[in-house]
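The basis for the numbers below is simple: all heavy atoms, side chains too, and nothing from hydrogens, waters or symmetry mates. Sequence lines set the chain letters: A, B, ... in the order given, protein chains first and strands last, and positions in each chain run from 1.
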Amino acid sequence: TYTFNILIRGFCKNSMVDEGFRFYNQMVESKCDPDVVTYNTLMDGLCRVGKVKIAHNVMEGMNKKTRDVKPDVVTYTTLVRGYCMKQEIDEALAVFKEMVDRGLKPNDITYNTLIKGLCEAQKVDKIKEVFEGALGGGGFTPDTCTYNTLLNTHCNAGNLDEALIVFEKMMELKAQPDSATYSVLIRHLCKKEDFVRAEKFFDELFEQKILVNDDGCTPLVAAYSSIFEFLCKSGKTDKADRVFRQLMKRGTQDP
RNA sequence: CGGAGCUUAUUUUAUAC
């Protein structure tokens with residue numbers, strides 16, 4: 001079953017849900033029992049190509065099956081995200097509610113997913129509700145991911161000042177900013193040609209050794225791209241050179 | 001005999017064209 005699941009995931013991640021289902025059928029033929037993970041994976045695949053309704057049906061199917069496959073937190077989170085991606089926030093909220101009603105406890109990922117959707121739909125009041133613990137029975141603590149979402153939302157809306165406030169709040173609350181945090185900030189500061197502040201963050205980024213650390217936090221190429229662009233534009237070629245060397249020395253998976 | 005195991009869901013998608 002594991003093997004099939006892994007295989008199916010491979011196809012689903014590449015927008016080849018149909019192939020995924022082919023293996024699902026084969027799985028059944030070989031008397032391997034699909035489990036929650038199998039269904040969740042397929043559902044995610046469906047959502048990624050915009051077939052949220054079908055994904056929803058899959059979940060209904062899981063409900064009907066008397067076997068021990070039952071929708072879990074991941075199932076619901078996947079579906080919430082699916083609806084968010086289609087900008088159908090009301091559906092997303094409905095799914096979320098159904099989950100809570102059924103006694104399933106949303107986790108951080110569920111909340112973060114929902115918050116992202118609410119940001120895109122500009123449902124500010126709803127976001128507040130989530131933060132105040134009014135939705136889903138509380139127990140939600142915003143993490144780095146949550147703040148990154150808020151940060152990015154403000155940036156996209158052009159509210160850089162708001163974004164910086166979020167950043168400071170992160171510091172206050174000891175939510176470690178990660179490479180995504182900085183990469184977003186720097187990129188947007190560059191876009192605004194605010195090189196002074198961009199460089200400040202850039203230096204900070206290096207001091208904190210966020211990029212250098214190898215505990216699985218792989219700096220993304222995107223982060224470097226904007227950094228280089230910025231360094232070159234502002235004539236700090238020497239610095240760019242230094243950073244580049246460091247990058248090469250570490251070896252990267254990505255050119 | 002007992003135990004363990006990152007199979008699934010969340011934030012950033014850059015430059016150039």
Side-chain angles (χ1 to χ4, degrees), chain A residues 1-13 17 20 23-24 27 32-48 52 55 58-59 62 69 71-85 92 95-96 99 104 106-120 130 140 142-156 163 166-167 170 175-191 201 205 210-211 215-233 240 254-255:
Chain A
T1 305
Y2 270 44
T3 317
F4 272 109
N5 285 347
I6 294 170
L7 210 53
I8 290 175
R9 167 165 190 270
F11 286 111
C12 287
K13 278 274 183 237
V17 214
F23 277 99
Y24 168 76
M27 187 173 183
C32 272
D33 287 331
D35 59 5
V36 216
V37 175
T38 317
Y39 290 109
N40 288 346
T41 308
L42 285 168
M43 280 176 60
D44 184 50
L46 287 167
C47 288
R48 292 192 127 83
V52 192
V58 173
M59 188 175 86
M62 288 169 78
V69 275
D72 62 3
V73 206
V74 177
T75 317
Y76 278 103
T77 304
T78 304
L79 205 55
V80 167
R81 178 175 142 82
Y83 279 119
C84 286
M85 286 190 311
V95 172
F96 182 84
M99 168 167 114
L104 283 172
N107 60 19
D108 288 356
I109 298 185
T110 317
Y111 281 113
N112 286 338
T113 306
L114 190 65
I115 287 176
K116 167 110 191 291
L118 290 170
C119 282
E120 279 160 3
V130 177
F140 166 61
D143 60 5
T144 303
C145 244
T146 319
Y147 288 114
N148 286 346
T149 304
L150 296 178
L151 200 91
N152 187 45
T153 305
H154 284 132
C155 286
N156 284 337
V166 173
F167 185 82
M170 286 177 80
Q176 231 345 291
D178 63 2
S179 71
T181 317
Y182 283 101
S183 130
V184 173
L185 270 175
I186 293 176
R187 204 175 62 248
H188 280 90
L189 285 169
C190 286
K191 216 173 260 173
F201 282 116
L205 177 63
I210 290 177
L211 293 183
D215 24 303
C217 170
T218 318
L220 304 166
V221 210
Y224 277 106
S225 293
S226 44
I227 287 167
F228 281 129
E229 192 196 356
F230 146 65
L231 286 173
C232 292
K233 259 195 195 164
D254 260 319

Atom pairs, N/O to N/O, protein against nucleotides 3-7 of chain B, distance under 3.5 Å?
from	atom 1	to	atom 2	distance (Å)
B/U7	O2	A/Asn5	ND2	2.5
B/U7	O4	A/Tyr2	OH	3.3

- Note on the structure: Sorted by chain and residue number, the side-chain hydrogen bond (donor to acceptor under 3.5 Å, both in side chains) partners of A/Thr77 (sequence neighbours excluded) come out as A/Thr110
Within the sub-3.5 Å range, which N or O atoms of nucleotides 15-17 of chain B have a protein N or O partner, and how far apart are they?
none

- Query: Please give, in whole Å, the distance from B/U11 C1' to A/Asp178 CG?
  - Reply: 8 Å
- Task: State which residue, out of A/Thr181, A/Leu185, A/Val184, fulfils the side chain to side chain contact (heavy atoms under 4.5 Å, CB included) condition with A/Asn148.
- Result: A/Thr181
- Query: Side chains of A/Leu150 and A/Cys119: closer than 4.5 Å at any heavy-atom pair?
  - Reply: yes
- Item | Check against side chain to side chain contact (heavy atoms under 4.5 Å, CB included), A/Phe201 and A/Phe167 | CA-CA 11 Å; A/Phe201 282 116; A/Phe167 185 82; 3.5 Å; yes
- Message: Taking only side-chain N and O atoms of A/Lys13, does any of them lie within less than 4.0 angstrom of OP1 or OP2 on B/A9?
- Response: yes
- Task: Could you list the residues that satisfy side-chain contact (heavy atoms from CB on, under 4.5 Å) with A/Asp72, not counting sequence neighbours?
- Result: A/Val36, A/Asn40, A/Val74, A/Thr75
- Item | Distance below 4.0 Å between A/Arg48 side-chain N/O and B/U10 OP1 or OP2 | yes
- Give the C-alpha distance, both sets of side-chain angles, the deciding distance and a yes or no for side chain to side chain contact (heavy atoms under 4.5 Å, CB included) between A/Met85 and A/Glu120. CA-CA 9 Å; A/Met85 286 190 311; A/Glu120 279 160 3; over 6 Å; no
- Task: With rounding to the nearest 0.5 Å, note down the distance linking CZ in A/Phe140 to CG in A/Leu114.
- Result: 9.5 Å
- Across the strands shown, which category fits A/Asn107 at heavy-atom distances under 4.0 angstrom: base, sugar-phosphate, nothing? base
- For A/Asp143 and B/A9, give me the distance from atom CG to atom C1', rounded to whole Å. 14 Å
- Contacts of A/His188 that satisfy side-chain hydrogen bond (donor to acceptor under 3.5 Å, both in side chains) - sequence neighbours left out: A/Asn156
- Item | Set of residues satisfying side-chain contact (heavy atoms from CB on, under 4.5 Å) with respect to A/Cys145, sequence neighbours excluded | A/Asn112, A/Asp143
- Can you tell me how far P of B/U12 sits from CE of A/Met170, to the nearest Å? 13 Å
- Kindly say whether A/Asp44 contributes a backbone atom to a donor-acceptor pair with the side chain of A/Thr78 at under 3.5 angstrom? no
- Query: Rounding to a whole Å, what distance do you find between A/Phe140:CZ and B/U10:C1'?
  - Reply: 11 Å
Listed pairs under 3.5 Å, donor-acceptor, residues 4-13 of chain A side chains, sequence neighbours left out:
from	atom 1	to	atom 2	distance (Å)
A/Asn5	OD1	A/Thr38	OG1	2.7
A/Asn5	ND2	A/Asp35	OD1	3.3

- Mind listing the residues from residues 145-155 of chain A sitting with a heavy atom below 4.0 Å of RNA chain B? Number order is fine. A/Cys145, A/Asn148, A/Thr149, A/Asn152
- Item | Test side-chain hydrogen bond (donor to acceptor under 3.5 Å, both in side chains) applied to A/Tyr39 - qualifying residues, sequence neighbours left out | A/Tyr24, A/Lys65
- Query: Can you name the residues that form a ring-ring contact (aromatic ring centres under 6.0 Å, His included) with A/Tyr83, not counting sequence neighbours?
  - Reply: A/His56
- Query: Is there a side-chain contact between A/Met27 and A/Thr1, using heavy atoms and a 4.5 Å cut-off?
  - Reply: yes
- CG of A/Asp72 versus C1' of B/U10: gap in Å, rounded? 15 Å
- Please report, rounded to the nearest Å, how far the P atom of B/A9 is from the CE atom of A/Met43. 13 Å
- Measure the distance from CG on A/Leu114 to P on B/U11 and round it to the nearest whole Å. 13 Å
- Query: Could you give the CE-to-P distance, from A/Met27 to B/U8, as a whole number of Å?
  - Reply: 14 Å
- Message: Tell me whether the side-chain N/O atoms of A/Arg81 come closer than 4.0 Å to OP1 or OP2 in B/A9.
- Response: no
- Query: Where does RNA chain B pair, written as one dot-bracket string 5' to 3', with Watson-Crick or G-U pairs under 3.5 Å, ( ) inside the strand, [ ] for crossing pairs and | for another strand?
  - Reply: .................
